[in-house]
Structures are given as structure tokens and as C-alpha cells.
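Okay, structure first, notes after.
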Amino acid sequence: MMSDTPEKIDETTDAILSDFKARMKIFHSSEDDYLKSILEASTAEIFELCGEFGLSTYPRGKELIFERSRYAYNDQLEFFYPNFQESILNISFDLMEGDTDGN
């Protein structure tokens with residue numbers, strides 16, 4: 001279960017929204033609220049599946065959140081889980097072992 005408060009989730013999505021938009025080559029702000037909701041849902045889901053981590057200290061986790069968000073944005077979420085099952089498991093093991101340096 002995620003321990004982040006809604007305020008912390010909002011701060012988190014504000015912090016990664018610009019990175020996600022740059023990655024997706026989205027240069028307008030008309031979808032910002034929608035993108036934030038996708039990022040919030042993806043963060044919550046990945047934290048639930050893998051465990052919690054710092055987005056600035058564990059780039060593999062942030063990358064997985066971005067990938068799930070990309071699939072959600074493109075209405076292809078059903079393909080995310082089978083395509084990233086190995087990454088989900090590897091990150092879960094990393095977090096269990098305390099290896100959050102991203103290597």
C-alpha cells in the first residue's frame with residue numbers, strides 16, 4: 001500500500017511531468033491534467049507491484065513508471081504487463097535487496 005499523501009503524489013507528478021512530456025515529445029500544456037492523472041496512476045501501480053522508491057534516486061523505477069504511462073497514454077495498457085513482466089520482477093527483487101542505486 002502506498003504511504004504517499006495526495007499532496008506528495010501531486011509534487012511527484014509535477015516533478016516528473018516535464019521529463020515525461022519531453023520523452024513523449026509533447027510540447028503543449030493542454031493535456032497536462034490528463035498526463036498528471038496517468039503519471040499518478042502509474043506511480044501508484046508500480047509502487048504497489050514493486051515497492052516504493054525515490055524517483056530521483058532509482059532511475060530504473062522511474063523508467064518503468066514512464067513506460068506504463070506511455071502505454072496508458074496510447075490506450076495500450078493491456079500490453080504493458082506482459083511486455084514488462086521481467087522488469088517488474090527485477091525491480092521488485094532490487095528493492096527487496098535494497099539495491100536502489102539504479103544499477
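- Remark: Asn74 pairs with no residue by the side-chain hydrogen bond (donor to acceptor under 3.5 Å, both in side chains) rule, at least two apart or across chains.
- Evaluation of the side-chain contact (heavy atoms from CB on, under 4.5 Å) rule for Ala72 yields Ile38, Leu77 as partners, not counting sequence neighbours.
- Ile65 is connected to Phe79 through a chain of hydrophobic side-chain contacts under 4.5 Å among Ile, Leu, Val, Met, Phe, Trp and Tyr, so both are in one cluster.
- Contacts of Ser29 classified as side-chain hydrogen bond (donor to acceptor under 3.5 Å, both in side chains), with partners at least two apart in sequence or in another chain: none.
- Distance check, rounded to the nearest 0.5 Å: CD1 of Ile16 to OG of Ser56 gives 11.0 Å.
- In terms of the side-chain hydrogen bond (donor to acceptor under 3.5 Å, both in side chains) criterion, residue partners of Glu63 (sequence neighbours excluded) are, by chain and number, Arg23.
- In this structure the side chain of Phe53 never reaches within 4.5 angstrom of the side chain of Asp94, judged on heavy atoms.
- In this structure, His28 and Ile26 have side chains that are in contact, with non-hydrogen atoms separated by less than 4.5 Å.
- For the atom pair Gln76 CD and Tyr71 OH, the distance stands at 8.5 Å (nearest 0.5 Å).
- In this structure, the separation between NZ on Lys36 and OG1 on Thr43 is 13.0 Å, given to the nearest 0.5 Å.
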Could you walk me through whether Phe80 and Ile88 pass the side chain to side chain contact (heavy atoms under 4.5 Å, CB included) test, one step at a time? CA-CA 10 Å; Phe80 169 76; Ile88 292 167; 4.0 Å; yes
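- Scanning for side-chain hydrogen bond (donor to acceptor under 3.5 Å, both in side chains) contacts around Ser69 gives Ser42, with sequence neighbours left out.
- Going from atom CZ of Phe84 over to atom CG of Asn90 covers 12.5 Å, rounded to the nearest 0.5 Å.
- Atom CG of residue Leu17 and atom CG of residue Asp32 lie 5.0 Å apart, to the nearest 0.5 angstrom.
- Looking at residues two or more places apart in sequence or on another chain, you find a ring-ring contact (aromatic ring centres under 6.0 Å, His included) between Phe20 and Phe66.
- Residue pairs meeting the salt bridge (Lys or Arg N to Asp or Glu O under 4.0 Å) criterion with at least one partner in residues 70-91, sequence neighbours excluded, are Glu67-Arg70.
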Assess whether side chain to side chain contact (heavy atoms under 4.5 Å, CB included) is satisfied between Tyr81 and Leu49, documenting all intermediate values. CA-CA 11 Å; Tyr81 297 98; Leu49 290 172; 3.9 Å; yes
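- Every residue two or more places apart in sequence or in another chain was checked for a salt bridge (Lys or Arg N to Asp or Glu O under 4.0 Å) with Glu31, and none qualifies.
- For the atom pair CG of Leu39 and CZ of Arg68, the computed distance is 10.5 Å after rounding to the nearest 0.5 Å.
- The side-chain contact (heavy atoms from CB on, under 4.5 Å) check on Ser18 picks up nothing, with sequence neighbours excluded.
- With sequence neighbours excluded, the residues that form a side-chain contact (heavy atoms from CB on, under 4.5 Å) with Ser37 are Tyr34.
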